[in-house]
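It should be emphasised that the depicted structure is a prediction, and the values quoted were computed from it without experimental measurement.
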Amino acid sequence: MTLLEVVVSSVVLAGSSSAALGVWNQSATELQRATTLDALSLQLEIVRISTDRWLQSDAVAADLLDSSSPDCRFNAEVLKAAAADRLPLGSEVSMH
Amino acid sequence: MNWISSASPLWLGFDESKEDDSFFLNEAQTLRGMLHSAVMNPLHCQFLLRPRSQAGFVLPLALTVSAVLLLGSASIHTLSLQKRLRIHASHHRQLGADQLRSVAQSFAVTARGLEACLLQWPSLDWPGAALDCPGSDPPKLSRGVVGEKRWSLLDWQPSTDRGQLKVQLADGRTSSFLLVLDPLTFEVIEISDVQLQARVPQLEVE
């Protein structure tokens, strides 16, 4: 074992450790973001299903409908307010 | 025997059993100038004291550890990319399913009033059935726009009080729905959940 060998080994180890640390940090960030997106997607699906069931149930009042529409359409503003009041919308989900 | 004489067989290659202490002491003192400060430096001395069988083991060990680190990090990176691709594909699939649900809702809204009469016949028979449904417009049920996406009707097959709707978006995504019809007015009163199908080549939507 020579001093040159020790220096080269140290450089190789430092470089590979630094690269591995960077990749692990990036992977951890990606995994965290993917998990967040997964949870958000699940939350959106829950909101969609609950909205569908709510609109098909008898609990929907007639005042949600647009009285001026001849083909029984919903009043968008009233429907949005009622959905925000009754559906389990999380803080990360908003209606447009 | 001092430390130089005890170490001498390792770095001078002499057999200690054949030489006495004074010989090694003299030899070491003679070679002190040639070895410079390395002989007197404890750190360098430790390197010199190792047997030749252990010489050069640090670099292969470092290369091995580096390879393990890089391979491990590459594996973890691959796993994270796979998870990201899976999430992206899932999001894309849900977005397409949502757009196809909107298409089915749009079809159901359009198929009201005069156009509801057409739902009694398969879509292939609509040009001829338009005579039996005065005021109906078959092209209104054959294509449309939801949001910024154009859609087209692939097939409509009615049965007694329901029908199978097959629609396609402009990008080729296809889905079928089971629609429940009002037996008196033939208007759509219920739409089943989306049944995604394999993407087919994009049809020309005029």
Side-chain angles (χ1 to χ4, degrees), chain A residues 1-53 55-57 65-66 69-74 76 79 92-93 95-96, chain B residues 38 41 43-44 46-52 54-88 90-95 97-98 101 105 108-113 116 187 189-194:
Chain A
M1 180 171 62
T2 64
L3 183 60
L4 179 63
E5 188 183 11
V6 173
V7 170
V8 171
S9 303
S10 302
V11 169
V12 168
L13 269 180
S16 58
S17 302
S18 175
L21 210 59
V23 171
W24 287 347
N25 280 335
Q26 188 180 357
S27 300
T29 306
E30 288 289 342
L31 283 176
Q32 190 177 4
R33 195 167 63 176
T35 305
T36 305
L37 281 177
D38 212 4
L40 190 61
S41 175
L42 181 63
Q43 194 176 355
L44 279 175
E45 186 66 12
I46 290 173
V47 169
R48 188 193 66 79
I49 293 174
S50 52
T51 305
D52 192 45
R53 290 178 179 173
L55 290 177
Q56 290 184 12
S57 68
L65 301 178
D66 188 357
S69 174
D71 51 359
C72 197
R73 289 177 181 269
F74 284 112
L79 180 64
E92 298 173 342
V93 178
M95 289 186 295
H96 296 284
Chain B
N41 189 332
L43 179 61
H44 292 174
Q46 287 181 0
F47 296 155
L48 295 172
L49 290 178
R50 292 188 180 277
R52 289 190 181 278
Q54 295 182 7
F57 79 100
V58 174
L59 189 55
L61 182 64
L63 289 176
T64 304
V65 172
S66 300
V68 170
L69 281 174
L70 292 177
L71 286 176
S73 56
S75 302
I76 291 177
H77 196 242
T78 303
L79 288 177
S80 67
L81 286 181
Q82 280 182 345
K83 188 173 178 63
R84 180 181 179 180
L85 286 177
R86 187 179 62 81
I87 293 292
H88 186 265
S90 173
H91 176 68
H92 192 66
R93 187 170 58 249
Q94 289 183 358
L95 190 64
D98 195 52
R101 280 191 210 98
Q105 293 284 351
V109 169
T110 308
R112 300 177 70 91
E187 291 181 348
I189 57 176
E190 188 176 338
I191 302 173
S192 73
D193 200 5
V194 60

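Most heavy-atom pairs under 4.5 Å with chain A, from the set B:His88, B:Arg86, B:Gln94: that is B:Gln94. Of all the listed residues (B:Ile76, B:Asp193, B:Val65), the one sharing the greatest number of non-hydrogen pairs under 4.5 Å with chain A is B:Ile76.
Residues B:Leu61 and A:Ser9 form no side-chain contact, since every pair of their non-hydrogen atoms from C-beta on lies 4.5 Å or further apart. Using a 4.5 Å cut-off on side-chain heavy atoms (C-beta onward), A:Leu37 and B:Arg84 make no contact.
When all heavy atoms of B:Leu59 and A:Glu5 are compared, the pair lying nearest together is N-OE2, 3.2 Å. When every heavy atom of B:Ala62 is checked against every heavy atom of A:Val12, the shortest pair comes out as O-CG1, 4.2 Å. Across all their heavy atoms, A:Val23 and B:Ser73 have their closest contact at CG1-O, 3.2 Å.
Separation of atoms CG (A:Leu40) and NE2 (B:His91) is listed at 9.0 Å; rounding is to 0.5 Å. Atom CG of residue A:Leu21 and atom CG of residue B:Leu69 lie 9.5 Å apart, to the nearest 0.5 angstrom. The structure places OG of B:Ser90 at 10.0 Å from CG of A:Leu42, a figure rounded to the nearest 0.5 Å. Taken to the nearest 0.5 Å, the NZ atom of B:Lys83 stands 13.0 Å off from the CZ atom of A:Arg33.
For a residue to count as touching a neighbouring chain, one of its non-hydrogen atoms must lie under 4.5 Å from one of that chain's; by this rule A:Thr29 does not touch chain B.
In this structure, A:Gln32 places its CD atom where only 12 or fewer heavy-atom neighbours from other residues, nucleotides or ligands lie under 6.0 Å away.
Put simply, the side chain of A:Glu30 never gets that close to the backbone of B:Ser80: no donor and acceptor are under 3.5 Å apart.
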Derivation of the side-chain contact (heavy atoms from CB on, under 4.5 Å) call for A:Ser27 and B:Leu79: CA-CA 8 Å; A:Ser27 300; B:Leu79 288 177; over 6 Å; no
